Amino acid sequence: MTATIANLPSHYDSTASEAKWQKFWEENHVFKADPNAPGEPYCVVIPPPNVTGSLHMGHAFETALIDALVRYHRMCGYNTLWLPGTDHASIAVQTILEKQLKAEGKTRQELGREKFLERAWKWKAESGGTIVNQLRRLGVSVDWSRERFTMDEGLSKAVLDAFIQLYEEKLIYRGNYLVNWCPASQSAVSDLEVENQEVNGHLWHFRYPLAQSDCYVEVATTRPETMLGDTAVAVNPKDDRYKHLIGQMVILPLVDREIPIIGDEFVDPSFGTGCVKVTPAHDPNDFEMGKRNNLRFINIMNKDGTLNENAGEFQGQDRFVARKNVVRRLEEEGMLVKIEDYKHTVPYSDRGKVPVEPLLSTQWFVKIKPLSEPALADLDQKNSPEFVPDRWTKVYRDWLVSLKDWCISRQLWWGHQIPAWYAISETGGIITDTTPFMVARSEAEAREKAIALFGENVQLEQDPDVLDTWFSSGLWPFSTLGWSDETPDFKRYYPTATLVTGFDIIFFWVARMTMMAKHFTGKMPFKTVYIHGLVRDENNKKMSKSSNNGIDPLILIDKYGTDALRYALVREVTGAGQDIRLEYNRKTDESASVEASRNFTNKLWNASRFVLMNLDGKTPDQLGLPDRDQLDLSDRWILSRFHQVTQQIRDQIDHYGLGESAKLLYEFIWGDFCDWYIELVKSRLLGDDAVSRKAAQQTLAYVLEGTLKLLHPFMPHITEEIWHTVTQTDETSGQTLALQTYPIADSTLINPDLEQQFDLLIDTIRTIRNLRAEADIKPGVKIEAILQTESEKEEHILKSGQPYIQDLAKVQTLRINQPQTQQARPEVTVDSSETDLVGSIATFLSTHQRVLLTIGCILLTLITLKICAGLLEAVHEILLLSTFLELVGIGYTVWFIKQKLWKVGDRQQLFSQIEQFKTEVVGEPRPDAPEPIVNSSSPSEEDSAQTIVGVVGTVRVAIPLAGLIDLVALKAKTEKDLKKVEAEIQALSGRLNNAKFVDKAPPDVVQTARDALSEFETQAEILQTRLDRLD
RNA sequence: GGGCGAUUAGCUCAAUGGUAGAGCGCCUGCCUUACAAGCAGGAUGUUACUGGUUCGAGUCCAGUAUUGCCCA
């Protein structure tokens, strides 16, 4: 048994609770998957975070979404596995480490590969530890026993297997191609690691003289220094200005090299002069042109971004220094025509933050078409994988179609070293483009092969480069499950169910995984790809490390709790794929939206406290299911709502409507359950009808427990905490909400008609409350209210809900009448024997309130004076005190009259107090009195101007007010209401008078409009009558 | 330049083509024994703009403006 709830504080302590349950889940192996257990498998692999430091809000968002899906499916009975892990992020980590080294005045070369890698592993341990800790604090339901890292033993083996297989299939090749060279990290980077930035640059126009004449052609470039590597000038063969020049030669200035003028369709005649210089070794387009036209490839650059021996006088200069110098020299030679300001995009290295240099070098490539085509076929033929939302399918498809061969080698140390060994003894002890190599599983295997080819004395050296990180990430969905072995996990959980990730890495990652998976396993690695948006900051900027606008989720978790943060993130999502914006004040570390969610957790907490306080120490199980025959109207209503919401939530989550589900729960818990049901049930819990009380307890317990289950995937910690208390489940039992069955909607309890009827009661209560506020009636004061309707149905509903109205609108006496015009109808005339004593007194009181007021006033004054006199007598010996008290007595009388009798509202309050005093003596009317007071010989309230009136549906709500009221204000309010109603009437009748609308609109829409019009007309009539009487 | 989104209350965002809602903020009144992190009530909109389709458009179409992202 757990501690009694009475000891619980009124505020939920997230910090303590979260730590407790995170520990509990892990220690009890709650999320440990068992491939031998029954149930359809539901497996999700985590998009592995980079070990580059810590998680940011985007990760928190993503894991909140995944966890909601995973916990939901687990509770739905799937054999669920969420597999966690991290990614080694070769470039990113190496950049961080080199920065650290630089700060210490060292380089990695000085340190050496081995020591550098030691350092990297140390970093990995720290960062990985931080990340894992953060994931734990987020309360994710992952199976930690299966945690993986892209460079751990198993995954490294998978990488080796994949590489060797692809190489043997001739899908991996080594070749000399143009790559994106990052001079900062001194490595090739993939197209994806390049970020195009718009810069304000220049367009330089140069003259290249023709070899055979005094004429020249004019070319334009944004990178003048590359002219040193030009091997042609190209024009469009259809360009009349130049086509006669094709085949002629020009003399390259500064270099004095003769280069041809070629015709190539690629040249855009409208760009610049229509005549372009061609540098095949330093520009991707020129590279293609060079291959098409058999041009020379002259590399003018070293790997550090300085110019090499091919640059002549500029050798050794940095590329940007050389740029200036080349321009100056051309100007001196008279070859500079002009310099234009020019805005263009420059490729920057994502990591190195310097402009990327297209550089010709020898790299390893994956032939992509044989991989992308099967993946494309699956998409086109089977719509696999299915993207949610669908529009991302096109993005994914376009990418697959336009893929180029994938450069997979990186000139880095941190990562999977390429399993190729060079027979360097064949090429003078160094690796060159022509050094023979062996691809093998190990150095020993490579040596065996090498000896066979080159003899015993062959010297081997492993390729120093590592593989692109995405090569190993591409294997993630199956390598983590044990591939390339047929492990039980792989057999049971592969292919996985859903991949949840951001659209920004569809290219990077999703396409790599589908291609690799199709090739190696023959299957798409996941059924569905759920694409979520990005978390933007308060300025609508994407949160990222480079923008330095990220927010550490732990700050908000510490302040508001994990559940609050997660819920705030998830409820922001609509549909899917939409970006969300997180409100955040960087000065105070506060977030309004997370605070709102925290308030919601607190609301749930307190509602649960209330329920617990009223269950007489029993659990939902002990109380049992409520007997349907004993249910009160409100019980049936909340049960209908509960099952309705259950159905909606299941539908939503099944279609990835996570934000919608979260919002549904918010409305249900705060609105239906707390604002209405709990308020309605209070009097029954306090009352002495044991049967009704028990039904209320059972319903409360049942709905609360069910709601905790519904909410669990979104707010795992607080629901677990409350569930354990409500069910009195000891922690040591190992029982957990996380493994309970997710509620299943019982359609026999869903009653839309009942819900609609209940809405009328709610609206009636609201209208009375509204009128009370308008009339400035104090909250504690009980009033009289009169409800009139022409509709028998409405009348019936109002009568069944009478105690609710009295209870929640603080109505002492409620009359539910037929309007005067129909009062003759017998069914509404109730035998006077049914009119109880209280009703008589109320009628008497309201009829004779003025007399009563006067009597009360006199009585009170007399009592006051009597008390004063008595006091004076008792203390008359004290000097001056008697005079003082006399003054007090007189003063109080004056004060009393002014305070209690002068104003209308105050007199009314006094009246009400007297009435309450009366009820205390006579007794409270039973809240579940079978019939409201019906009085066909209606008193004159509705004839009096001293009545405030509102309408709901076609129900007229009247509250008689004692004494005079502010007629002007009342009139203004009535006029305002009437105006609103008249506007509605005008709009509706306009529509209904339109023959086309009546003809063409669906009949139910027309009928709805007719019903609404008739309702508004009734409302208008009621309001107009009131207004007439006020005049 | 091509593509994909977005633009609705002061702010953040909702609304199967049927006549606009929520949270926060604001105003009024309440410490009503679950909750002041709360309760009750209230005010607030030419749905960016211009046309078109339709009986009917925030929603569909075309264009314009602003803005964000992706790809060149």
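Note on naming: letters A, B, ... go to the chains in the order of the sequence lines (proteins, then strands), and numbering restarts at 1 for each one. Model, not experiment: these values are computed from the prediction.
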Reckon [X] has a side-chain N or O less than 4.0 Å from the OP1 or OP2 of [N]?
{"X": "A:R581", "N": "B:rU12", "value": "yes"}
{"X": "A:R766", "N": "B:rG41", "value": "yes"}
{"X": "A:N599", "N": "B:rC35", "value": "no"}
{"X": "A:K663", "N": "B:rA15", "value": "no"}
{"X": "A:W670", "N": "B:rC39", "value": "yes"}
{"X": "A:N614", "N": "B:rA34", "value": "no"}

Could you measure between the two [atom1] atoms, the one in [N] and the one in [M], and give it in whole Å?
{"N": "B:rC35", "M": "B:rG42", "atom1": "C1'", "result": "23 Å"}
{"N": "B:rG3", "M": "B:rU64", "atom1": "P", "result": "12 Å"}
{"N": "B:rU47", "M": "B:rG1", "atom1": "P", "result": "32 Å"}
{"N": "B:rU8", "M": "B:rU67", "atom1": "P", "result": "14 Å"}
{"N": "B:rC26", "M": "B:rG10", "atom1": "P", "result": "15 Å"}
{"N": "B:rU32", "M": "B:rC24", "atom1": "C1'", "result": "25 Å"}
{"N": "B:rA14", "M": "B:rG56", "atom1": "P", "result": "29 Å"}
{"N": "B:rU53", "M": "B:rG21", "atom1": "P", "result": "29 Å"}

Rounded distance in Å - [atom1] ([X]) to [atom2] ([N]):
{"X": "A:N606", "N": "B:rG38", "atom1": "CG", "atom2": "P", "answer": "10 Å"}
{"X": "A:K980", "N": "B:rA20", "atom1": "NZ", "atom2": "P", "answer": "12 Å"}
{"X": "A:W605", "N": "B:rA36", "atom1": "CH2", "atom2": "P", "answer": "14 Å"}
{"X": "A:R991", "N": "B:rG17", "atom1": "CZ", "atom2": "P", "answer": "17 Å"}
{"X": "A:D776", "N": "B:rG42", "atom1": "CG", "atom2": "C1'", "answer": "13 Å"}
{"X": "A:N602", "N": "B:rA36", "atom1": "CG", "atom2": "P", "answer": "8 Å"}
{"X": "A:R391", "N": "B:rC4", "atom1": "CZ", "atom2": "P", "answer": "11 Å"}
{"X": "A:L988", "N": "B:rC55", "atom1": "CG", "atom2": "C1'", "answer": "14 Å"}

Under a 4.0 Å threshold between the charged nitrogen and the carboxylate oxygen, would [Y] count as salt-bridged to [X]?
{"X": "A:D398", "Y": "A:K394", "value": "yes"}
{"X": "A:R581", "Y": "A:E572", "value": "no"}
{"X": "A:R693", "Y": "A:D616", "value": "yes"}

If you pin A:A773 and A:C674 to their nearest nucleotides in RNA chain B, which one's is more 5'?
A:C674
Could you pick out which residue, A:D398 or A:A596, lies toward the 5' side of RNA chain B when each is mapped onto its nearest nucleotide?
A:D398
In Watson-Crick or G-U wobble terms, both distances under 3.5 Å, what is the partner of [N]?
{"N": "B:rG29", "value": "B:rC39"}
{"N": "B:rU59", "value": "none"}
{"N": "B:rG68", "value": "B:rC4"}
{"N": "B:rU16", "value": "none"}
{"N": "B:rU46", "value": "none"}
{"N": "B:rG23", "value": "B:rC11"}

In terms of side-chain heavy atoms, does [X] have a donor or acceptor partner in [Y] at a distance below 3.5 Å?
{"X": "A:E721", "Y": "A:S17", "answer": "yes"}
{"X": "A:T601", "Y": "A:D563", "answer": "no"}
{"X": "A:Q1007", "Y": "A:D1011", "answer": "yes"}

For [X], report the nucleic acid contact type (base, sugar-phosphate, nothing); a contact means any heavy atom under 4.0 Å.
{"X": "A:I678", "result": "base"}
{"X": "A:D675", "result": "sugar-phosphate"}
{"X": "A:A1001", "result": "base"}
{"X": "A:N994", "result": "sugar-phosphate"}

Among [options], which nucleotide has an atom closest to any side-chain atom of [X]?
{"X": "A:V1005", "options": "B:rU32, B:rG18, B:rU54", "value": "B:rG18"}
{"X": "A:A607", "options": "B:rC55, B:rG29, B:rA34", "value": "B:rA34"}
{"X": "A:H11", "options": "B:rG18, B:rC69, B:rA37", "value": "B:rA37"}
{"X": "A:K394", "options": "B:rC55, B:rG42, B:rG3", "value": "B:rG3"}
{"X": "A:K1000", "options": "B:rC24, B:rU12, B:rU54", "value": "B:rU54"}

Checking only heavy atoms, does the side chain of A:R769 share a donor-acceptor pair with the base of B:rA40 at less than 3.5 Å?
no
Would you kindly check whether a donor in the side chain of A:E679 faces an acceptor in the base of B:rA40, or vice versa, at under 3.5 angstrom?
no
Return the CD1 to CD distance between A:I768 and A:Q806, rounded to the nearest 0.5 Å.
9.5 Å
Would you check if A:Q812 and A:I783 make a side-chain contact, meaning some heavy-atom pair closer than 4.5 Å?
no
Identify the residue among A:Q648, A:Q647, A:H655 that makes a side chain to side chain donor-acceptor pair (under 3.5 Å) with A:D651.
A:Q647
